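Predicted model only: the values in this text are computed from it and were never measured.
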Amino acid sequence: KPAYATEEDLGQVRQQLQNEVAGAKNAGLKAASDLRTELLEELGKLSQTQEANREAARQATDRVAADAAQHAQGCANTVRTELEPMFPAVEEKFKASLEKLSGELQQVDAAVRETFEQGLLELAGQLEQEIGAVKAELQAGMERWGREAAEALVAQRKELSGSIEELRKASAAQASEFRELLDSEFKRRAEEQKKVDDEQNERNERSQNEVWLKLDRLDDLLKEARADAQSHTEDVDARAAAAVSELRADAERRLEDLDQRAEKLHDAVAEVENLPTRRVDWVIRNVSKRIRPPSASKACLHTSWFSPKFDMAGAHGLQLELQFYRDSDPPVEGQNAGDCAVFLWACRGMNLVYKLYIGTKSATLEKVFNGRVPYGTKRLCFLKDMINREEDSLRVSVEILEAVREIEHTIKPPPPLPENATEEDALTRPLEGKVVLRRHINNRLTEQVKTEVETMRSRMVRRVEWRLENATMLRRCFPPGEPMCSVAFAAAGVAGLQLMFYPCGYQGSTDGFCSLFLYAPAGATLKYTLYAGTHRRDATNFFEEAGAFGRTNFCRFESVVEEATDSILLSLEIEEAHQDLTAKVAHPTVAAGDRRSQAQIDGAVPAAVESVVKMQRAPGKLAGGLEERRVLPSLWTAKTLGEKSGPNDMKSFEDLKTSRTARGQRSEQLTSPLASSPLSGSRSVPSLSKELASTDASLPQLSKSSTDWASSGLAPKKLRASSRTRRGMGGSTMQVLETGAVH
């Protein structure tokens, strides 16, 4: 009788079956998970081994490549250093070999990497497929087991127990088969990987051997190239040494030529630079402390100081010498003129016209220098008067007015004639010798032209006017014997003329009369007329020496004063004029290298041969309408031209008002300014006091006419000029200012 199961039994069997199925499922999943974990671990190890092998292969490849590149780079650098300028082809070949080797190494590395990646990808794909298949089979078996279990629920417990036992055995068998399958697959994959690794190692070893073979070959090529380069380098060095020697010789020759040209250019630039230099000032600081006279114990009377050398106006190597003299006992000649002198040193062959200065004092000189001795002034001034007290300095100067310099350029001698030279070659051979250049610089050309123009203009001047202002004060300001002189002027071609007016009259004139004279240079012959207001006096005189000629009693002073303007108009009209010029020359002329003494050069010894050149300058008569009248400025001075008055000595008539008091104080005792004139024959002039008015003292000699004096020089003769009577001056005649002159 069949046994029937209850619902509870079915529930328990179902629950038990479900539990067994769940346990089998969990056991299968756990076994699959463990198998998967083991498989993944094996795959990780295999991957690590593969990665390590690949890294080792890459490192070996990189190391071989680096060593090869380093060795090749070192060899290449050595070869490049030695052969780069001469063997670009070797460098290109070496670069090509390196590039080819590097390309091959990169290809090998890329092939290894690609093989590894492909093997791993294939292995991973196969593992995924196997796992998927196992999973699918497990899922199909589980479903089949569930259906069989559901269909066999109504079966008996024995069948259920048998089925469960069979299921257990089947699961164990499948798990065992799956494990064996995985083991066999793993072993197969491992063997394949090992085979791939062996092949890769073999290829790497073969590549490494090939690299070393190529490096050995390259080393042999480098040795051969080095040997060739060494031989070629020695050849190039020999040729380069010869070329450098030749180049050095040529360069030295060119540099010497350039040095000579640079020196000539420097000299030319210096020459051009100093051409405009007309004046050089030598400023000496701390003069009172530095410049002292020599002690009395020394035999030499002077001490010299020299300036630095300088160039100017085309002259080279100039130098100033300042000489300071001590007082001598007994006094030497010229000691009263000053205690210092200035000299100029110049190179040989320089012909200079120059002016030397010490402070404000100057002297004009002309000299042809021989290069051995200087030339300068005599005692020129006193040092203490020329010192700038504010700065305690002294200014010593030289001004080049005209310079002539001879420069010799030697012509290079031609090369000697060859042995087979013909007579025509000897005739056409360049001449030997030198070229002498004379460089002439004239810095006084403007002054000379101006002087000549003034002289030419003065030839047209026949009338000169001079207006004296403040006429009512003149007799109070100028006592008897004291003149007032006009500025120097030129007329009728004669320069150095001057009007001299005595408001109170010249020495010995009639009381109330004034005197008017004309000062003229030596050698002048003038036929002229003097005017004072409306009064006129004619005169003709030959001035043998520079001096004055006119009327002592010209007219009464009151008759020439213009009351409306309180002034006096003095005039000069020249009818005829000519001038004799005399020049004394000592022969022979000075030349460079002259061995004569300074006294012989100056013509101061009897051995010098002298000659006199006389010229006559006559302006002639002017056509009508071409005469010019010159009006002199209303200025006056107490010094004549013979006293070398300066521009600061000129005064205006307004100064008479301020000097009136001083004139009154000096009226008791006055000395004529002509006393210091070099044209007065060095004779003293008496004072105009009452005690000396009646004495026989000599008056200053200002001019001498060859027709006024006898051979004794004492007795006056009748003048050539005709005498005319003007307004109560029947006894007055034109006269020379001289001792014993006729009034």
Start with the C-alpha gap between V494 and I574, add the side-chain angles, then the distance that decides, and say whether side-chain contact (heavy atoms from CB on, under 4.5 Å) holds.
CA-CA 10 Å; V494 180; I574 300 178; over 6 Å; no
Checking side-chain contact (heavy atoms from CB on, under 4.5 Å) for the pair W282/V280: CA distance, chi angles, key distance, verdict?
CA-CA 7 Å; W282 176 28; V280 172; 5.8 Å; no
Going through the checks in order, is the side-chain contact (heavy atoms from CB on, under 4.5 Å) test met by L318 and M350?
CA-CA 10 Å; L318 301 183; M350 288 300 304; 5.6 Å; no
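Atoms CG and CE, from L474 and M484 in turn, are 5.0 Å apart once rounded to the nearest 0.5 Å. How far CG of D339 is from NZ of K384: 8.0 Å, rounded to the nearest 0.5 Å. For the atom pair OG (S307) and CD1 (I284), the distance works out to 8.5 Å, reported to the nearest 0.5 Å. How far CD1 of I568 is from CD of E469: 11.5 Å, rounded to the nearest 0.5 Å. From Y354, atom OH reaches atom OG1 of T364 across 10.5 Å, with rounding to the nearest 0.5 Å. The SG atom of C485 sits 9.0 Å away from the CG atom of L499 when rounded to the nearest 0.5 Å.
Side-chain contact between F369 and L344 is present, with heavy atoms from C-beta onward closer than 4.5 Å. Looking at F557 and P503, their side chains come closer than 4.5 Å, going by heavy atoms from C-beta outward. Taking the side chain as every heavy atom from C-beta outward, L352 and K367 never approach each other to under 4.5 Å. Looking at L572 and F489, their side chains come closer than 4.5 Å, going by heavy atoms from C-beta outward. The shortest distance between side-chain heavy atoms of L394 and L322 falls below 4.5 Å. In this structure, R462 and E575 have side chains that are not in contact, with every pair of non-hydrogen atoms separated by 4.5 Å or more.
The only member of Y506, F549, F501 that meets ring pair (Phe, Tyr, Trp, His ring centres under 6.0 Å) when paired with F517 is Y506.
Taking the ring centre of F513 as origin, the terminal cationic atom of R551 falls outside the region bounded by 6.0 Å and 45° from the ring axis.
Taking the six-membered ring where tryptophan is involved, the planes of F324 and W305 are tilted, since the angle between them lies from 30° to 60°.
Using a 4.0 Å cut-off between charged side-chain N and carboxylate O, E447 and R278 make a salt bridge. Using a 4.0 Å cut-off between charged side-chain N and carboxylate O, E465 and R467 make no salt bridge.
Not a single side-chain hydrogen bond (donor to acceptor under 3.5 Å, both in side chains) links Q335 to another residue, sequence neighbours left out. The side-chain contact (heavy atoms from CB on, under 4.5 Å) check on C381 picks up C340, I358, K361, M386, with sequence neighbours excluded. For the side-chain contact (heavy atoms from CB on, under 4.5 Å) test, residues two or more places apart in sequence or in another chain that qualify with N388 are E390, E391, S393.
Of all the heavy atoms in I400 and N443, the pair that sits closest is O-ND2, 2.9 Å.
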